[in-house]
**Q** 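Have a look at the structure that comes next, please.
Each chain gets a letter, A, B and so on, in the order its sequence line appears, and its residues count up from 1.
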There are 2 protein chains.
Amino acid sequence: MTAKVKFKTNGSFNTKVGKSNTGAETAETKNLLIAELLASGQITDPASRRGQLLNAAARLFEQKGYTATTVRDIAAAVGILSGSIFHHFSSKEDILCCTMQEVTRFASARMRVAIFQASSAEDKLRACIRCELEAIHGLAVPGFSILVNEWRSLSASRQALVLGLRDHYEQLWLESLSAVLGTQRRDLPLVRRLLLGALAHTHNWFKPEGKELTLPQLAEQVFVLFVPQPPSRQPTSL
Amino acid sequence: MTAKVKFKTNGSFNTKVGKSNTGAETAETKNLLIAELLASGQITDPASRRGQLLNAAARLFEQKGYTATTVRDIAAAVGILSGSIFHHFSSKEDILCCTMQEVTRFASARMRVAIFQASSAEDKLRACIRCELEAIHGLAVPGFSILVNEWRSLSASRQALVLGLRDHYEQLWLESLSAVLGTQRRDLPLVRRLLLGALAHTHNWFKPEGKELTLPQLAEQVFVLFVPQPPSRQPTSL
DNA sequence: AACGCTACCAAGCAAGCGCTTGGTTTTCAA
DNA sequence: TTGAAAACCAAGCGCTTGCTTGGTAGCGTT
């Protein structure tokens, strides 16, 4: 279950990165990431039928919601009939569960790489925030928002399957937070939950294509708000 | 549309309040609030059939979700048959829309009273946070969470109906925030959205009946985190 | 007493749902 | 070339859904 996956971030991903440590990864590094996950058996080949179905499901569940998406929709998206789906998945809920698992694995790996590429502790946290925002708004991890929105659609037993993978993701956050806010702070889990909640909720109001507030700007604003700034930078009215 | 409702908070609600300005209201003040809203025609009489249906729908939508709740469920909850519902509402979506409107009106009025009862600007903001948390976790405003969770289930035209009422609610937040953080801060709308997002997300992890972290404690933690504290209270490692 | 109105019941319709079944095509290794 | 497994189609089953229809009981007004 808790397979010990040693991800090869040693020299593969930090080659093409220049000075912008908190920047988004290139398309090449993304493909490299997918190849790595594919080789380690963590995700399904997107070229296979099963992979096509999972990608289509992720997109449809994100757009229309789980219950509003029919198995006929998913099947039609890849050009097969609805009945044929059940040669790949045992049920509709199974599709949702598998989608969530692969999305979680991909998002975790992506964040791990982003943290690795950043140098300072502050930039690592910035990378996390930016990573999360990009995922939430569909710019990097298709289907990421269903992890929040469709959680209730999953039965308790299947929730447990995804929850195991989610632990690792949240651990990455905790480490990044503690490196900036200090390991002795006892409210780190609380801060992490509030921060992730604030980020998740941007899904309802922030539009990344807007010119007024770009995603990197939003990320920096969030960083400034959650991390106590040194008084030299902070304009105080006292 | 934007009816100017002059709520009589002059002397009705601040009589029974002692020193705990950020505390929850008593059952009496809640009933008074309902009576006021009922008299001003903002909500339906909970004793009427329509009111019973709206309350049942709010509870069921919150528990099971909109699509998972059938009109037969709602009808059975008040002891009538499913077909009879459509003498009170035009459609199932109409039920959701009306529920959201009344929930929004009630939550707005409740927050207005809480703000009024608090004295200092800091305590007014604390009251807002506590109000929101109590609403989110079903302790004060049944059906409040569907405003977030089931927003997508509403068509755009009906969303507009609820959105108009929501504006007022968010205005209350902005005023409370600006009174504490300063009116000159230009990121107030952003802070409000991040704060509301963080609070909304507590729905997924915080359990108000837990002994380890009570709701008032959580509210205070959130307040401390979002409002820059004076350096005397803030333990700095520098 | 007759009326009209509201609220409700009993029954069911049309549509859509997840999923099954039996049979056909495709794939690919031996 | 052959055989078997995997992948898929065509059809539809059983069920649930939101909603409709025709009729009726109750109630207050005139």
**Q** Cation-pi between B:Lys92 and B:Tyr66: NZ/CZ under 6.0 Å from ring centre and within 45° of the ring axis?
**A** yes

**Q** To the nearest Å, how far apart are B:Lys92 NZ and D:dC19 P?
**A** 8 Å

**Q** A:His88 NE2 to D:dA6 P: how many Å, rounded?
**A** 12 Å

**Q** In whole Å, I'd like the distance from the CD1 atom of A:Ile85 to the P atom of C:dC19.
**A** 10 Å

**Q** Please report the distance, rounded to the nearest Å, between CZ in A:Phe89 and P in C:dT20.
**A** 15 Å

**Q** Starting from P on C:dC19, measure out to CG on A:Leu96 and report it in whole angstrom.
**A** 12 Å

**Q** Rounded off to whole Å, could you give me the CZ-to-C1' distance for the B:Arg72 and D:dT16 pair?
**A** 7 Å

**Q** Under a 4.5 Å cut-off applied to non-hydrogen side-chain atoms, are B:Val78 and B:Asn55 in contact?
**A** no

**Q** Counting C-beta onward and ignoring hydrogens, is there a side-chain heavy-atom pair between A:Leu125 and A:Phe226 closer than 4.5 Å?
**A** no

**Q** If we ignore hydrogens and angles and just use 3.5 Å, is the side chain of B:His137 paired with the main-chain N or O of B:Leu133 as donor and acceptor?
**A** yes

**Q** Starting at CZ of A:Arg50, measure out to CD1 of A:Ile85 and round the result to the nearest 0.5 Å.
**A** 12.0 Å

**Q** Quick one: is A:Ser84 getting a side-chain N or O under 4.0 Å of the D:dA7 phosphate, OP1 or OP2?
**A** no

**Q** Please verify the inter-ring angle class for B:Phe144 with B:Tyr169; under 30° counts as parallel, over 60° as perpendicular, anything in between as tilted.
**A** tilted

**Q** Give every residue pair that meets the salt bridge (charged side-chain N to carboxylate O under 4.0 Å, His left out) criterion with at least one member in residues 150-176 of chain A, sequence neighbours excluded.
**A** A:Glu93-A:Arg158, A:Asp94-A:Arg158, A:Glu150-B:Arg152, A:Arg152-B:Glu150, A:Arg166-A:Glu170, A:Glu170-A:Arg192

**Q** Can you measure A:Phe86 atom CZ to D:dC9 atom C1' for me and round it to whole angstrom units?
**A** 15 Å

**Q** Take A:Ala68 and A:His87, find for each the nucleotide of DNA chain C with the closest heavy atom, and name the residue whose nucleotide sits nearer the 5' end.
**A** A:Ala68

**Q** Looking at residues 75-82 of chain B, who's got a heavy atom less than 4.0 Å off DNA chain C?
**A** B:Gly79, B:Ile80, B:Leu81

**Q** Can you spot which of A:Arg130, A:Glu132, A:His168 makes a side-chain contact (heavy atoms from CB on, under 4.5 Å) with A:Met111?
**A** A:Glu132

**Q** Which residues within residues 52-65 of chain B lie with some heavy atom under 4.0 Å of an atom in DNA chain D?
**A** none

**Q** Counting only side-chain heavy atoms from C-beta out, which of D:dC8, C:dC17, C:dC8 sits nearest to B:Arg49?
**A** C:dC8

**Q** Any non-hydrogen side-chain atom of A:Phe89 less than 4.5 Å from a side-chain atom of A:Leu53?
**A** yes

**Q** Which part of the nucleic acid, if any, lies within reach of A:Thr69 when heavy atoms closer than 4.0 Å are counted: base, sugar-phosphate only, or nothing?
**A** sugar-phosphate

**Q** Rounding to an integer number of Å, can you tell me how far A:Tyr66 OH sits from C:dC17 P?
**A** 13 Å

